Novice: 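This is the structure, below, for whatever I ask next.
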Amino acid sequence: MTGTLVFPMIAAKPVYADRGIVDLWKSIKPLTTIASAMNTGAHPDDEHSATLAYLSLGKGVNTFSVIANRGEGGQNEIGSELGNALGMIRTRELQEASKITNVTLGMLSEKIDDAIFDFGFSKSPDETLAKWGDSVVYERLIRKIREMRPDVIIPAFLNEESTHGHHRAINVITVRAFKDAADPNIFPEHLKKDLQPWQVKKLYLPADNKDYNVLVPTGDYDEIYGASYVQLGEESRFMHKSQGMGRLVDEGPSGSYYKLGATAATAKTADKEKDFFDGIAYSFEDLAKEIETKGKDNKVTKDLRSLQKDADEVIAAYPNFAKVAREVHEMKADLQAALTDVAASDLQKITKEDLLYRLHVKEEQLNKASMEAASVVAKVKPATGELVAGQTTKVVVTAYSGGSVELNKINMNLNVPEGWTAKPTGATSFEQLKNNQTVSTTYDVTIPKNAAEFKPYDVSILSANVAYEAFGTSTKLKVVPQTAVAILPAYSMSLSPSATVLNTLKSDEPVPVKVTVRNYTPNASKASISLNVPEGWSVEPSVEELSFASKGETKSVSFMVKASSKVAVGKYTVSAVAKNGDIVSTEGAQVIEYPHIGKTYLIQPAELKIQAFDLSVPKNLKVGYVSSGFDNIDQYLRQLGIDVVKLEAKDIQFGDLSQYDTIVLGIRAYAFRPELIPSNQRLLSYVENGGNLVVQYHKPEDKWTPNLAPFPIKIGEPLIKWRVTDENSKVTMLAPDSPMFNNPNKITAEDWDGWIQDRSAYNPAQWGKEYTELISNGDPGEKEFTGTFLTAPYGKGIYTYSSLVWYREIPNLVPGSIRLFVNMISQKQ
């Protein structure tokens, strides 16, 4: 039989670490080294992912990633969440990314609205540290170093002018902390909390192939993972979806370069080093030799060499799960002996502290290795993850054995916050757990009426301790639920709109307010809903009654709010209240849920923010809005009474564009709306025939080319130098007589007050002479940009390109930004 050979079709795809024997390897490889390393960065996605993968997955080094803020000031490529909601998304992405590279994550920002906040782009480390509070961020970094005790520390960025000020700030304090973390006079309050000074042994800085000390071979292929370390690093970077991170990388040699920045007296160095740990104790044998040179305790050196032998035998037993489990438990027994001998030894205090710390790290790693080798699966399963204060619920703790190792004396205990009660309804101890068996304990949990509400950056409020014995030694695991467990408002409310403009030219027009209420109480219930309004304002009706048949049911009620007849320009707040007996709710729980990060909640006051100011809006204005998915400006325009239609791909490709007075392209739309570039000539023809086209900022990598505009516009590079970060910077109107500043609203200097975070991003560097330069603006001490706001007649219509950050200003109800945006979309020749 003859014919054509058919080969399977295999598409390129991201690398994914597997389960089973790969997870087993990830758990035992760290047993072979006592070394540790820390990478510091400013934002989620700053981590050196390839290097972290090499250190943790490749070498088994105890690896830490310490990140300053939550990324609240960034952009969002998967939704319209900004601010704290975006920070929560980016934090969860970072947590999932860290799991992939087996890295321990530390955050300097500790809570919502923390002082260490991503306030937006900064050009200066001094500005960054001033806004964060130099002593605040520095204390927290020193604390993390003293807690984690890394041998090597690596800031993710250099302190260079071409670098984000947040990145530069982390470099500055990391370099400073190299010595200060070892000084007991720096933050001496740490010593009262059982934290000891710690001298990092080496500081490395990012470098290039022209001047370096260490080349990390991140392109090396690891047969166990079936990928190179750079590929594994990119697997973790794919988790940063809100930032558009992750790329496919081909196999082949590659590396990351680092320059030695500082060393401790005890570390030996060379011009070209094999790796970060040259001259530093890396194994148990190295530790034993160090103690021998000091002529100290033979019993401890013997213990350390036994542990070295144990670790080698664990690795040799791989991939046989039962054999690995036996060797792991033999190592656990030797570790306990070592802990006892070190504690009883006459070693110097500093040496003893160091040894005990490293041995306790091994103790935790051995517990994890035992779990993987014995194929133990332990879970905490609450009946629901959405709880309210005062209710009771059930939580089940389970342990399953999927391996052949006999497990004995299983104990399972549920941990709950102080003031809660957890009563087991059955046994919490079991004599034996055999292959393919599950044991479980159900707890009745009572939540007090004053229970604290969910805080997204805290550790889980529920956890369980699961312990068992195998081969004569015990293993202790701490287990948390797989999904968030949250104490939520009994009645979660959201107001629509949540922010709006009160036009003082039409102050007699009432503001319609819809309150959507979700019942989180465990049963059917009733609630009275009302609004608190500013003094002198009125609301109809005064109260509405809602009945809920079950938990999770959502209902809405409508109110009409009317301002006082003499309402002044300013900010006002309308808040919602839900009452049911002694239960009073005044908050809403914003559900944030994406497949790659699961579900979390942002609890905030149930309020409507109102900004009152004078605003002229043309009648019968019809706008087509092309959203990139990163902003919600269109909904604010609708609140102003403007007819706004969200344009879909078919509308742009085939629809009648002439029906729109104005078409607006959202930020970076050419990158995320694939129909735009093939349809660009339709848009230009729309302008030529009398339309008004407004294009918001783009990056060069957004498929932007100068010829997308009717007259060329080239975006400035490097991008860091073509933006204005000072929201209070002076703005000069270069064409004060332009209709842009006069119709329908008269724009004055006051309209540039009160802006937030930035003025502009990714400003043009070159543009055609046909454009009118509308403003000049720059950061203090820098040359001002004149291409930030450009407009030109084209045919019978008008084309405007603006890199002002409308998407931040308008949702924050900055009056001048709204008045100017209305002018921009009202232009006609």
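What you see is a predicted model; the values in this text were computed from it and never measured.
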Novice: Checking side chain to side chain contact (heavy atoms under 4.5 Å, CB included) against Trp755, which of Val731, Leu804, Asn812 comes through?
Specialist: Leu804

Novice: Within the 3.5 Å criterion, strictly below it, is a donor on Gln827 or Thr791 matched to an acceptor on the partner's side chain?
Specialist: no

Novice: Does NZ or CZ of Arg819 come closer than 6.0 Å to the centre of the six-membered ring of Phe613, within 45° of the ring's axis?
Specialist: no

Novice: Evaluate the side-chain contact (heavy atoms from CB on, under 4.5 Å) criterion for residues Leu790 and Glu773: first the C-alpha distance (whole Å), next the side-chain angles of each, then the deciding distance (0.1 Å), finally the verdict.
Specialist: CA-CA 5 Å; Leu790 301 170; Glu773 301 164 4; 4.0 Å; yes

Novice: Looking only at non-hydrogen atoms, find the nearest pair between Asn745 and Ser616 and report the distance.
Specialist: OD1-N, 2.7 Å

Novice: Looking only at heavy atoms, what is the nearest atom pair of Asp651 and Leu657, with distance?
Specialist: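 What the structure gives for the nearest pair is O-CD2, 3.6 Å.
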
Novice: Fit a plane to each ring of Trp132 and Phe119, take the angle between them on a 0 to 90° scale, and name the class: parallel (under 30°), tilted (30 to 60°) or perpendicular (over 60°).
Specialist: perpendicular

Novice: Angle class for the Tyr801/Trp704 ring planes (parallel below 30°, perpendicular above 60°, tilted otherwise)?
Specialist: tilted

Novice: If we count only N and O atoms by modelled type, under 3.5 Å, do the side chains of Tyr625 and Asp631 hold a donor and an acceptor together?
Specialist: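 Note: Tyr625 and Asp631 side chains meet the donor-acceptor criterion.
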
Novice: Do Arg668 and Glu77 sit within salt-bridge range, that is, some charged N less than 4.0 Å from a carboxylate O?
Specialist: yes

Novice: Assess the side chains of Asp661 and Asn692: does a donor N or O sit below 3.5 Å from an acceptor N or O?
Specialist: no

Novice: Let me confirm one number: the CD-NZ distance from Glu161 to Lys123, rounded to the nearest 0.5 Å.
Specialist: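 Taking CD in Glu161 and NZ in Lys123, the distance rounds to 11.0 Å.
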
Novice: Might you point out which heavy atoms bring Thr128 and Ala169 nearest each other, and give the distance in Å?
Specialist: CG2-CB, 3.7 Å

Novice: If you compare all heavy atoms of Ile116 against all heavy atoms of Ala68, which two are closest, and at what distance to 0.1 Å?
Specialist: CG2-O, 3.6 Å

Novice: Compare every heavy atom of Asn680 with every heavy atom of Leu708, then report the nearest pair and how far apart it is.
Specialist: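 The pair with the smallest heavy-atom distance is O-ND2, 2.9 Å.
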
Novice: Under a 3.5 Å cutoff, is there a donor and acceptor pairing between the side chains of Glu81 and Tyr594?
Specialist: yes

Novice: Aromatic rings Phe789 and Trp806: how do their planes relate, parallel, tilted or perpendicular, breaks at 30° and 60°?
Specialist: perpendicular

Novice: Testing the basics here: between Leu141 and Ala177, what is the closest heavy-atom pair and its distance to 0.1 Å?
Specialist: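 Taking Leu141 first and Ala177 second, the nearest heavy atoms are CD2-CB, 4.1 Å.
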
Novice: Just by distance, with hydrogens left out, do Asn763 and Ser803 show a side-chain donor and acceptor under 3.5 Å apart?
Specialist: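 Distance-only check passes for Asn763 and Ser803.
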
Novice: Within the 3.5 Å criterion, strictly below it, is a donor on Ser65 or Glu47 matched to an acceptor on the partner's side chain?
Specialist: no

Novice: Classify the ring geometry of His166 against His43: parallel below 30°, tilted from 30° to 60°, perpendicular beyond 60°.
Specialist: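 The arrangement is tilted - the two ring planes meet at 30° to 60°.
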
